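Remarks on the structure that follows.
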Number of protein chains: 4
Amino acid sequence: MGETGSSRWQRKKDARPSEILDAALTLFVEKGYLATKMEDIARAAGVTKGTPYLYFQNKEEIFKAVVRETIVARVHAMSAQLAQLHGIGSSELLFLALEDWWTHIGSTRAAGLCKLMAAEATNFPDLTRFYYEEAILPARQLLGHIIQRGMDSGEFRPVHLDYAIDALTAPMMMTMILSHSFALVPGCCDSLKDNPLEFLKTSLRLTLQGMHQPAPQDARP
Amino acid sequence: MGETGSSRWQRKKDARPSEILDAALTLFVEKGYLATKMEDIARAAGVTKGTPYLYFQNKEEIFKAVVRETIVARVHAMSAQLAQLHGIGSSELLFLALEDWWTHIGSTRAAGLCKLMAAEATNFPDLTRFYYEEAILPARQLLGHIIQRGMDSGEFRPVHLDYAIDALTAPMMMTMILSHSFALVPGCCDSLKDNPLEFLKTSLRLTLQGMHQPAPQDARP
Amino acid sequence: MGETGSSRWQRKKDARPSEILDAALTLFVEKGYLATKMEDIARAAGVTKGTPYLYFQNKEEIFKAVVRETIVARVHAMSAQLAQLHGIGSSELLFLALEDWWTHIGSTRAAGLCKLMAAEATNFPDLTRFYYEEAILPARQLLGHIIQRGMDSGEFRPVHLDYAIDALTAPMMMTMILSHSFALVPGCCDSLKDNPLEFLKTSLRLTLQGMHQPAPQDARP
Amino acid sequence: MGETGSSRWQRKKDARPSEILDAALTLFVEKGYLATKMEDIARAAGVTKGTPYLYFQNKEEIFKAVVRETIVARVHAMSAQLAQLHGIGSSELLFLALEDWWTHIGSTRAAGLCKLMAAEATNFPDLTRFYYEEAILPARQLLGHIIQRGMDSGEFRPVHLDYAIDALTAPMMMTMILSHSFALVPGCCDSLKDNPLEFLKTSLRLTLQGMHQPAPQDARP
DNA sequence: GATGAATGAGATTTCATTCAT
DNA sequence: TATGAATGAAATCTCATTCAT
C-alpha cells in the first residue's frame, strides 16, 4: 500500500477505453451493432456492466469511437508506405500498396469495419460519411495517385480514373466483406479462405494486364 | 350459392404473404434484420401488428422467406438467359449476362439481400449457406461456364477459373453492397450513383482485356 | 334440393351449442381455463373460430355454461337414485349412492369440473358459488339425509353430521381431483388408476366401521 | 476499503429471490399460474418488471422454484417430527403427525400448492412428478410407517395399507384444496372455515375407529 | 474509479373478439 | 348461419442505462 507511482495502475486506467473499444470492435464485427450487448462488451473487456459508461456516453458513442479509432490507427499505419513513393514502377507500387493494405487492414479486424459500416450505413449516416471520407476516399486517392503516375509515365494506357480505382478496389472490398461474412460460415467461400492475398494479387495482375500500355511492337499493324 | 367464398377478401388473403415479404425485404435491406420492427413490417404492408403472424411463424421465418422467395424468383428470372447460349462469343455473352443480371438483380432490391446476408451471415448460418448455394454459387457457375467456353475456343487465354470468376464477380458484389449502403448516404459514392451499369461494363471490359488471347502475330517474338 | 324438413340440419343446428360446450368441457378440464384457446374449442367442436360466438357471448360465458349445463345434467341424472330411498339400510344406501355417483359423475369428465372449479374459484366467485350450491351442497345434503336416517334408526351411532359428511365426501373429492391431475401424469398415483371405485368402497367401509353402532353386547361393560 | 461491498444493497440482493418466490407463491395459489402476471409478482415483491428476470430465467422457472423451495422447506420442517417416533401409540402418533402437518403445511400457504399442482399437473408433468415424489409420497410413506407399526403391535387390525393411507390422506387433501378454493368464496364451505383442524381430527378419529383392533373380550362371540 | 442491482421503455408474440363476406 | 382474416390489448422478456455503494 501507499501510492507506488501508480504506474501499472495508471497504465491500466489509461488502457481501459481502448480495451473497451477493442472488445467492442470484435463483437460489433462478429454480431452487428444491435446484436452486441453492452454487457458482452464489458465482459469481453474484462470489466463490468457499468464501467464502459465511465468512458463513453452510450453504446452509439462506443460504436462511433470504434470506427474512428480503428480508421485513424489504420490509416496512420498505412501512411508509412507513402514515403516509398520514389523510383518504383507504378505496377510494382500497386503491388506494394496491396501488400501493405493487406498487412495493416485487409487481414485484420479492421476489415470487418467495412462490412459493419455497410450494414449500418443508413442507420448512422454521419458516421458513414466519416468512414467514407476517412477510410474509403483516402484509399481511393492513394490508388488514384499511383494510377495517374502510371498513365503520366506511359506505363498505363489512358483509363477513366474512377473506374480504374473501382476495378482495383472491388476485389479488396469483396475480400473484406466476404471474409467477415460468408467465409465465416462453414461450407461457404472455401476458396477465399485458402489464400486471400493470392487472389488479390492475381486479381490485380489481371486488371493491370488490361491497363498496361501494349509494348510498342505489339501496336504495329 | 356454392361460389368460392372469395372476392375481395380472398384476393387480399392470397396477396398478404407476398405483400408482407415485400415490405419486409425493403425494411430489412434498409435497416437490417434487428433494427426492423415487426410492427414496421406490418405497417409497411398495410396491416396491423398481429397480421404477419397469421402467415409466418415469427420474424426469423419472415427473414428466411424473404431470402428464399427473392432468391428463387431472381435466379429463375435469370435462367431465361441460359437459352441464349449459342452462337455468341464468350466476351459478348459475358456482357449480355451482366446486363441481364443488372436488370433482374443488380438494379433491384434483390441486390440489397447481398448486403443483408453479409451483415447477418454469422447470426443465421443455415440461411447463409442456403443463400450462398442458391444465389452465389449458381452465379459463379454460370460465369465459370462462359469463361471455360472462352478458354476452350481460344478466345480467352488460360486462366485460373476461380480467380477469374472472382475478378468478374467483385465489381458486381461491390456495386450491390455499396448501392445499398454508402451510396444511400448523401455525399458518399456519388460516382456510383451516376451510372452503375457503365462502371460495371467498364470493369468487365478491363478484366476481359486482361483475359483475352493476344492476336497470333502479337505472340511472335 | 327443396326443403326436406331440414331434420338433420335442424338437429345439427340445435346440437351446436352442446357440441361446443362438450368440447369446451374436455379442454377446460384438461388444460385449465386460460390455457384453453377459443380456437381449440371451436376446432374440437368441428366448427371454426367465429362460430362459438354465435351461441355464446364470450369465453367466460362458455365456461359458465359448461359448468351449469354439466352440473344440471349430472344432478338430474343422480336424482333418479332418490326414488330408491325405501326399505334399504343406510349403510347399503350409502354404497348404492356411491356407485351411482361413480357412474354418473365420478368416472366421467364431470368429475374434472371439481378440479377446474377449485382452480378457478377465486377468479370466478359467482360461478363458484353456483357450483357450490348446485353441486356440492346437494351431494352433501343427500348424504346428510342418509346418515341422519341411519342415526335415527340406530344403525349409526350419533355423529356430528357435517363432519361425517366431510369424511364421506373427502375420498370422492380426492378421487375426482387426483384422477384429473396427478393421475394423468405417468408415474403418479398408479394405485389410484387401478381401481378407483374399489378404493372408494373400501374407504366408505372404513368410515362406516367407525360410524356403526357397536352391537348391543359390545356395549355392555 | 476491502470490505465486502455489501450493506444495504447486498442484503437486498440476498433477500430478493425469496421475496420474489414468496410473492409468486401467494399469487400463484390465489389466481393460478397463467392468471398471475409477471408484473404482479414483481409488484408484490416490491420491485419492477425486469427485476425477477435477474434471478430467474422466466416465469416457468419461478413456478418451479416456488414449488421446489416450498416443498423442500416444509418437508424438512416436518421431518423434525420423525425424531419423536418412540414410545408412543400409533394412534396418538397419527394425531401428533396431523397436528404437525397442520402447523407446518395444512394451515399455511404451502397447502395452496396442492391445489396449484392439481390444476397445472398436465401442463407441467415433470414438475408434477417432482411434487408427487417429494411431497405426496413422503407424506404417504410416513403415514404408512405408522400404520404398519400399529398393525405390527396389534393396535390396528390388518388393513390394506394403501387404502388406509388414502383414507387418512383424503381429508387432509380435501382441506388443503377447499381452503384455497371454495372456502375463499363467501358463502361456500363456511363450516370448513370455522375450525378445519377440528374437522381433521374428527375425521382421523372416525377412521381410527374403523381401524382399531376390537378389545379382546369384544372379539369373543 | 468500479460495481452490479435495479429500472422501465420497448420489442416480440399471443389470442379473444369482431365483422365483411 | 358460418367463415376466417384481421385487429389490438396485453403478456413475456430483453437490455441500455442509471446510481447507491
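Throughout, protein chains are lettered first and strands after them, A, B, ... in sequence-line order, and every chain is numbered starting at 1. Nothing here was measured: the structure is a model prediction, and the numbers come from that model.
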| query | Among the nucleotides F:dA16, E:dT12, F:dG4, which one has an atom lying closest to any side-chain atom of B:M38? | reply | E:dT12
| request: Nearest whole angstrom, please: distance from the P of F:dG8 to the CD of B:E39. | output: 10 Å
| remark: Against the side chain of C:L54, the closest entry in E:dG1, F:dA6, F:dT3 is F:dT3
| Gap between atoms CZ and C1', on D:R43 and F:dA11 respectively (whole Å) | 13 Å
| field | Proximity to the side chain of B:V47 - top-ranked nucleotide from F:dT7, F:dG4, E:dA6 | value | F:dT7
| message | Tell me whether D:K37 at atom NZ has more than 12 heavy atoms from other residues, nucleotides or ligands lying less than 6.0 Å away. | response | yes
| task | Searching all strands shown, indicate the nucleotide that pairs with F:dA20 (Watson-Crick or G-U wobble; both distances under 3.5 Å). | result | E:dT3
| task | Taking the six-membered ring for Trp and the full ring for Phe, Tyr or His, determine whether the centres of A:Y131 and A:F124 are under 6.0 Å apart. | result | no
| message | Tell me whether C:D126 is salt-bridged to C:K64, with the criterion being a basic N under 4.0 Å from an acidic carboxylate O. | response | no
| Spacing between C:I41 atom CD1 and E:dT17 atom P, to the nearest angstrom | 10 Å
| A:T51 side chain near E:dT3 phosphate (N/O to OP1/OP2, under 4.0 Å) | yes
| remark: For E:dA11, the nucleotide meeting Watson-Crick or G-U wobble distances (both under 3.5 Å) is F:dT12
| message | Whether the side chain of A:K59 and the base of F:dT17 hold a donor-acceptor pair under 3.5 Å is what I'd like checked. | response | no
| task | Would you tell me if any nitrogen or oxygen in the side chain of D:Y53 comes within less than 4.0 Å of OP1 or OP2 on E:dA6? | result | no
| task | Assess whether one donor atom and one acceptor atom, taken from the side chain of B:K49 and the base of F:dA6, lie less than 3.5 Å apart. | result | no
| message | Check the orientation of B:F28 and B:F63. Use parallel for under 30°, tilted for 30 to 60°, and perpendicular for over 60°. | response | perpendicular
| C:K37 (side chain) and E:dT14 (base): donor-acceptor pair under 3.5 Å | no
| query | So, is B:Y55 near the phosphate of F:dA5, with a side-chain N or O under 4.0 Å from OP1 or OP2? | reply | no
